[in-house]
Amino acid sequence: GQQVMQIPQYQHVQEGEDFTTYCNSSTTLSNIQWYKQRPGGHPVFLIQLVKSGEVKKQKRLTFQFGEAKKNSSLHITATQTTDVGTYFCAGQRGAQKLVFGQGTRLTINP
Amino acid sequence: EADIYQTPRYLVIGTGKKITLECSQTMGHDKMYWYQQDPGMELHLIHYSYGVNSTEKGDLSSESTVSRIRTEHFPLTLESARPSHTSQYLCASRPGPSNYGYTFGSGTRLTVV
């Protein structure tokens, strides 16, 4: 079945450093979504990427969808303590269910 | 603001009890989902529904059952709770078209003692 692998599992950075999490699918995806879950909270939808090679930005966050539509990345520039949480990617193939990655837990040293 | 509501927020029950976790959404979404998640870990899909009277099992084997009698309501029932059921249960919904993100509820943290 479809699998979505996300790395790294954990990432600890100093405040102000950049952060990147990567997502890889075993199959070509129709779209990929990214979610953020704060400690003790629930996942919150951030963005969806649909087109091959697509790049979207939300303030300090940059999301990319690979040319082959099998991988994606989320990059945070100059992290802040408010960025702490677990970031999940979720891939979809056609009308099938979303498949979530394992998540990358980001902690930040102020 | 969340338009998907889960109750109770926290629940501690004894082994063997029957429980129902409630999930309601006011957005008219066709698709609803139940996920099980241990703190900070990955999400495991246990049930989903694409509309009234439609329910399917997810990827994670679960001893729970669900029903979808009304669009807005998608309760999850455990007939006999066990300590292994201790976890967080998240309900989510989204509109019919596939190009929308999921809206998650705040979750129910279940502890079975």
Side-chain angles (χ1 to χ4, degrees), chain A residues 1-12 21 23 26 29-51 54 56 58 63 65 69 72 74 84-107, chain B residues 1-10 21 23 25 27 29-51 54-61 66 87-110:
Chain A
Q2 181 184 337
Q3 289 188 324
V4 174
M5 307 298 292
Q6 195 173 348
I7 56 170
Q9 189 175 359
Y10 302 95
Q11 184 76 59
H12 180 77
T21 173
C23 192
S26 56
L29 299 170
S30 303
N31 62 75
I32 195 157
Q33 300 179 0
W34 285 91
Y35 294 78
K36 176 184 178 181
Q37 184 175 22
R38 294 181 184 275
H42 57 276
V44 175
F45 175 70
L46 294 176
I47 206 162
Q48 176 172 267
L49 304 171
V50 178
K51 299 176 184 176
E54 188 170 14
K56 287 188 176 180
Q58 289 179 351
F63 304 85
F65 201 10
K69 300 183 74 172
S72 181
L74 158 59
V84 164
T86 301
Y87 293 85
F88 292 95
C89 64
Q92 184 170 14
R93 187 179 179 192
Q96 296 179 13
K97 306 180 299 295
L98 272 182
V99 177
F100 280 83
Q102 299 91 332
T104 296
R105 187 183 301 180
L106 172 64
T107 54
Chain B
E1 293 297 323
D3 294 307
I4 182 164
Y5 305 96
Q6 288 187 244
T7 57
R9 185 74 177 88
Y10 301 93
L21 308 184
C23 177
Q25 49 97 3
M27 299 170 284
H29 288 173
D30 292 323
K31 297 181 177 178
M32 297 189 74
Y33 308 83
W34 276 104
Y35 286 87
Q36 185 176 341
Q37 183 189 35
D38 291 327
M41 304 301 285
E42 65 184 291
L43 296 150
H44 296 285
L45 180 66
I46 50 177
H47 294 283
Y48 63 99
S49 167
Y50 285 170
S54 156
T55 61
E56 301 286 345
K57 287 186 181 292
D59 306 315
L60 180 69
S61 175
V66 291
S87 189
Q88 174 166 250
Y89 292 84
L90 289 162
C91 182
S93 74
R94 71 168 170 176
S98 61
N99 57 342
Y100 285 85
Y102 286 15
T103 301
F104 281 86
S106 298
T108 293
R109 292 188 184 274
L110 174 65

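Every chain is numbered from 1 and lettered A, B, ... according to where its sequence line falls, protein lines coming before strand lines.
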*Asks:* Kindly give the heavy-atom pair with the smallest separation between B/Tyr102 and A/Gln33, and that separation in Å.
*Replies:*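 Heavy atoms of B/Tyr102 and A/Gln33 come nearest at N-OE1, 4.1 Å.
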*Asks:* For B/Phe104 versus A/Tyr35, what's the shortest heavy-atom pair and its separation?
*Replies:*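 Scanning both residues completely, I find the closest heavy atoms to be CE1-CE2, 3.9 Å.
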*Asks:* Can you tell me how far OG1 of B/Thr103 sits from NE2 of A/His42, rounded to the nearest 0.5 angstrom?
*Replies:*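 Here the interatomic distance stands at 8.5 Å.
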*Asks:* A/Thr107: which residues meet the side chain to side chain donor-acceptor pair (under 3.5 Å) condition with it, sequence neighbours left out?
*Replies:*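 A/Thr107 satisfies side chain to side chain donor-acceptor pair (under 3.5 Å) with A/His12 once adjacent residues are dropped.
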*Asks:* If every non-hydrogen atom of A/Phe100 is compared with every non-hydrogen atom of B/Leu43, which pair is closest and at what distance?
*Replies:*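 Heavy atoms only, the tightest pair is CD2-CD1, 3.5 Å.
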*Asks:* Verify whether one side chain among B/Gln37 and A/Gln37 offers a donor that lies under 3.5 Å from an acceptor in the other.
*Replies:*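 Short answer, yes.
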*Asks:* Minimum heavy-atom separation for B/Met41 and A/Phe88, please, with both atom names.
*Replies:*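 In this case the closest contact between B/Met41 and A/Phe88 is O-CZ, 3.4 Å.
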*Asks:* Would you find more than 12 non-hydrogen atoms of other residues, nucleotides or ligands less than 6.0 Å from A/Met5 atom CE?
*Replies:*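 Not buried by this count: 12 neighbours or fewer within 6.0 Å.
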